[in-house]
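Below: one structure, written as structure tokens.
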Amino acid sequence: MSLLQEERKIILGNEYVDNFDFAEVEDFVKNASKDLFISYNFKTKNKMLVQPRGGFPTYKKQFALNKFFVEANVDVLPLTIDSNTRLNDYATAKKMLRLSEENEIDMLNGYPLVNHGYRTTRKMITHFNKPVSLRHGTPDARLLIETAIASGIFEIEGGPITYLLPYSKNFPLDKAFLYWKYVEKVCANYSKLNEPINRESFGPLTATLVPPAITIAIQLLEMLLSLEEGVKSFSVSFSQTGSMNQDIVMGAVIKKLAKHYANEINCDDTTINLVYHQWMGAFPTNKDFAEQLINMSTVIASMVGADKIITKTREEASGIPTKEANAKTVASTQYTLGILNGLPNIVDEEEEEILTLEVKAIMEAVFNDEADTLWRKVFNSIKNGTIDVPFSPHIINHNEMITIRDANKNIRIIKRGNVPISDRCFEYEKSKCDLTKDTTSIVNDIIHDIGIMQ
Amino acid sequence: MSLLQEERKIILGNEYVDNFDFAEVEDFVKNASKDLFISYNFKTKNKMLVQPRGGFPTYKKQFALNKFFVEANVDVLPLTIDSNTRLNDYATAKKMLRLSEENEIDMLNGYPLVNHGYRTTRKMITHFNKPVSLRHGTPDARLLIETAIASGIFEIEGGPITYLLPYSKNFPLDKAFLYWKYVEKVCANYSKLNEPINRESFGPLTATLVPPAITIAIQLLEMLLSLEEGVKSFSVSFSQTGSMNQDIVMGAVIKKLAKHYANEINCDDTTINLVYHQWMGAFPTNKDFAEQLINMSTVIASMVGADKIITKTREEASGIPTKEANAKTVASTQYTLGILNGLPNIVDEEEEEILTLEVKAIMEAVFNDEADTLWRKVFNSIKNGTIDVPFSPHIINHNEMITIRDANKNIRIIKRGNVPISDRCFEYEKSKCDLTKDTTSIVNDIIHDIGIMQ
Amino acid sequence: MKVVTGVVGNDIHVVANRLIELSLHARGFEVFNLGVNTYLEEFFDAVVETDADILLISSLNGEAEGWSREIKILKSKYKNLDNLVMVIGGNLVVGTASPETIVPKYKNYGFDLVFHQVDLNTGLDTLEEFLKERNK
Amino acid sequence: MKVVTGVVGNDIHVVANRLIELSLHARGFEVFNLGVNTYLEEFFDAVVETDADILLISSLNGEAEGWSREIKILKSKYKNLDNLVMVIGGNLVVGTASPETIVPKYKNYGFDLVFHQVDLNTGLDTLEEFLKERNK
Ligand code: B12
Ligand code: B12
């Protein structure tokens, strides 16, 4: 038996798993409806796929949410996991699930997939016959992913960097890499049976003044780590920056470089798609305004040429959205995509060149790290600040880079820390900003820049 | 006394006018607050001005509507005139106004400005101290315009072509030209006293598959007719076509050509602004979708670089909008303009070249008409189909041109009738469309093309 | 079969009218389209002149009701209009109202078929069925 | 004056926390920022260690109430915290609720100043006034 298979047996021998039948699951994946695979939908549906966010504790409520989404003409269903499961605390999740089922009140902020188990969950997924995207934020997602695929969930979001740096303060980064390596392998193996399982990275990160070069470098590195293990369908992603032009430039550069680096490791047979997140930063409290913002995000996603869009709701600033608000966004987004026509072809050569140079400089620095494997190189690069994510709460993050918005609201790097962008690029970035201001005004500008959509 | 002044005396001696005091009105205009002049607002406000649509019969209701608009952060107030006044039927307007005042029900579909008189109306206008745009649709607007300017309304919409071809079946076009000549002269004369009075043309026309070349030619001709009389501030306009790229191309070409033709007649001292109308065609009945459409219009207006945007409401498909729906659009549009940043620079050289050639060909044909004055040349050109407006209800319109949408929803000319676009341009237009289809399918396509936003 | 059509009153919304002409043609009717801005007398005169079987009126801007009240009186002045099929469609009120209140009202004004905010093709399909039933 | 600040519980929303540190500095406070994901004991330990005058807690993800219930018991285990000014702000409930119900509740938990969905600068202005009043 392979080492991986032994590890799988241990993982799936967990007391909260009710007899994982490897053969049956393999058989299920092999014969599963192609409609369940987002990779198949990307290939066959000639449109931007629309995916909302959402998850409820009980089967009944989750089923109702999905029904609502399907009626609103959704393309991809989300399944958001509760935070106990994310922390592998299945005991608490179990207790809270029972309480949620017995009373009418939700005691979990998502769907406790492991506790529901794959036999139950698969019923729901095959019933709706739509591709499902697993949204979690779990550093050790091994059991979760096994259960997800066994349930018919064939898109797995996250990654060792993107699910850690924005979501955690203390979880050890090296462990995250190893746990995700397992995930990639499992996805890769199942991909041989039917259409490929899709992996998706979480590009929004902290959604707060993250410069495009950092986002893209991280997307590419998570993609490479995944492709190394044999994944054949991968989605890179990013969220609205606040500048339409910067979004379009980012879209062009990330598409080009993803292809480039995939080819470099001889993975030209891998399909790479682009996912765009509607504005992920601070939302306006006025719900009508929130809808304007959401609509504008959809327009920009079209200009970026995204293959999938992940939506927000009018209730973002206040709390967990109702299923009505969520479904409304889906219907509106579909309508907007349908009426938005005659997209112009936009190329900003100078911005694309600068961004490409920046990303390549970071990638090269990572590759040049003396460690033996890619994940160790990436680990070291994060630790030494070659990769630096603004506003990450994680202790390992370097926190030396400072970014600000220029007059057109493009995010610009005004202090590079250890991020190895060239002098030419750095001068270009700074030249766009007014740096004659004193520190207090710059700090005020940053505060203002965080709240630009409010 | 000049001929014009004699005509003015006759016009203003109308029994529904209560003692028009020429000297007092001149004095009022001379000393009026600059804020009331949209021409001044264009110069000083560094943003796209937002103007809704709306008009109610009674002073009280109109005042309330304006208050609502101001609270929603409006830039330009509209004053829409009722249809009796538009037909110069002041007697009926008077009766209906009294009925509206006595009961709580509105018996007019707009504000009967002549009956209210300038002394009353001026109180409202100076109270809010915002520029007001007069929206009517009147072929003989002489008395209306005099009353408007005396009231403090310093922007006059319309024109002999744009207020006739979409709005009337039988009104004689030659008379319309003469009545509008009076309007231009009065505007020009008052413009010498303070900031200039602004004239605005109505670019949407029938809002139904009008090809850009026709819209722009008509805009330019109305501009020239106005500038000839001495108007110093003019707005050309058009409405959303259904293709973002076509809108952007139209914006670029109309700005360039307006400048060009104004210079040709030595009017380089005239300020020309660009106004964009949110989608003017058939609206979706779903009000949430209508809001998406409106938001998208705002985004496109920004990309077009419009100086003013005229808004629609979520209730467009069902009936006259409530003041709440109207104010909501204003607030949302302002919000969207505020958060939309980093506009890319878009140039489509080929489309711009073709469109420029088409417009110039039409203009040249008009100028080459053997008549002695510009208005007569234009009159002849409309009559002989050099200018042909699709879906115009007017008997004089040629109705020979056929347009259809291409795959990107650009409006394309597939039958040119007498419109003198060159073979090269015509072949270009047709090359974008699938013309192998049979007539029935093409007719079905046209029906579909009219309803693209539904 | 012959159809007289047009948009009633001071209404100048011409788009639907053009489409109606095309659709009726496509369905094999002989069409006499009076266009927009057509008054009731003009409609009936045209019916008499062309010996039409059907009068199909559109209204979009909300004016229809004001005019429809006069139909019965007017129609009674003409002879031989008893077999005329009368159809109306479009946006039949100012503001909003439900078909439940609108349809009976207009039937009472003398229309055989009433289509408030009904899609053109649905309406014309219904018309053709109605004619089939009638000629059985 | 010394302030201990941070985000309580498992909450990792760090943006406001960074801004708070900047603003407090700019206003002349000596700041000890424990960052996100900070438990109550850690807050009180830091107050004791630094001899802080003010404890300023943030909460964004809705967790605050769960933790606040334990404040009184916990605080009573420490000595000399009677003069500590306790402030909390951010998004203090899951979902929505009005300040009228939230503020008294949190005052009861032991906070002197409570800012639910209140802008940072408004909150800090109020804090400074509160301190002035107190030291009169
Ligand atoms: C385009 C348009 C215009 C253009 C018209 C150009 C032209 N000459 O045709 C312009 C800009 C000039 C214009 C002017 C005005 N308009 Co206008 N216009 C519209 C708009 C946006 C679209 C109409 C359209 O072309 N639709 C496409 C066609 C294909 O659809 P349709 O007309 O709805 O017809 C469909 C059905 O009704 C049906 N149908 C029609 N007839 C029949 C008959 C039968 C038998 C059947 C079965 C079906 C059927 O078939 C069609 C296809 O499904 C509508 C709002 C909307 N619907 O979105 C307002 C609208 C109709 N206009 C309105 C008004 C008030 C006016 C004005 C009076 C004032 C103004 N707002 O400026 C003026 C003057 C018009 C006048 N004197 O009548 C109102 C009417 C209000 C009401 N009914 O309560 C509307 C609803 C806008 C609003 N919310 O205020 N308008
Ligand atoms: C950015 C963001 C994230 C980023 C965070 C990156 C990071 N590490 O900081 C990411 C994407 C990682 C994220 C993750 C999650 N998030 Co989040 N996130 C947001 C978002 C969009 C903006 C928050 C923000 O940065 N605002 C900008 C700062 C400057 O403003 P602020 O935080 O609101 O603080 C202001 C005031 O509150 C005040 N203030 C704060 N503290 C104090 C203290 C005092 C004394 C005073 C006077 C004032 C004050 O001052 C600030 C400036 O005015 C909000 C929604 C929104 N508000 O639009 C959701 C939101 C806060 N997140 C939410 C949730 C549930 C989560 C998750 C649990 C699940 C998920 N949705 O994925 C995860 C996990 C987080 C965890 N374990 O805690 C919910 C909270 C629900 C609730 N309270 O009922 C929100 C409201 C979104 C929603 N509608 O669901 N999130």
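Chain identifiers are assigned alphabetically (A, B, ...) following the order of the sequence lines, protein sequences preceding nucleic acid strands; residue numbering begins at 1 within each chain. The figures that follow rest on heavy atoms only: side chains count, while hydrogens, waters and symmetry mates do not.
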- Task: Heavy-atom distances under 4.5 Å only: say whether Ile452(A) touches chain B with side chain, backbone, both or neither.
- Result: backbone
- Query: So what's closer than 4.5 Å to chain B heavy atoms on Ala331(A): side chain, backbone, both or neither?
  - Reply: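 Both backbone and side chain.
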- Heavy-atom closest contact (Gly342(A) atom, Ser243(B) atom, distance):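 The pair with the smallest heavy-atom distance is CA-OG, 3.5 Å.
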- How close do Asn341(B) and Gly242(A) get, heavy atom to heavy atom, and via which atoms? CB-O, 3.6 Å
- Message: If you count heavy atoms of other groups shown closer than 6.0 angstrom to CD of Glu349(B), is the number above 12?
- Response: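 12 or below, so no.
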- Answer yes or no: are there more than 12 heavy-atom neighbours, outside Lys67(A) itself, under 6.0 Å from its atom NZ? no
Compare all side-chain heavy atoms of [X] with those of [Y] and state whether any distance is below 4.5 angstrom.
X: Gln292(B); Y: Gln334(A); result: no
X: Asn245(B); Y: Leu343(A); result: no
X: Val299(B); Y: Met244(A); result: yes

- Keeping the roles fixed (side chain from Tyr335(A), backbone from Met453(B)), state whether a donor-acceptor pair exists under 3.5 Å.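 Side chain of Tyr335(A) to backbone of Met453(B): a pair is present.
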- Note on the structure: Given Thr336(A), Val347(A), Asp406(A), the one with more heavy-atom pairs under 4.5 angstrom with chain B than any other is Thr336(A)
- Message: Quick check for you: among Lys409(B), Met296(B), Glu291(B), Gln454(B), which has the greatest number of heavy-atom pairs under 4.5 Å with chain A?
- Response: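 Result: the option with the highest number of such pairs is Met296(B).
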- Query: About how many Å separate CG of Asn295(A) and OG of Ser332(B), when rounded to the nearest 0.5 Å?
  - Reply: 10.5 Å
- Contacting region of Leu340(B) [heavy-atom separation from chain A under 4.5 Å]: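 For Leu340(B), heavy atoms of backbone and side chain both lie under 4.5 Å from chain A.
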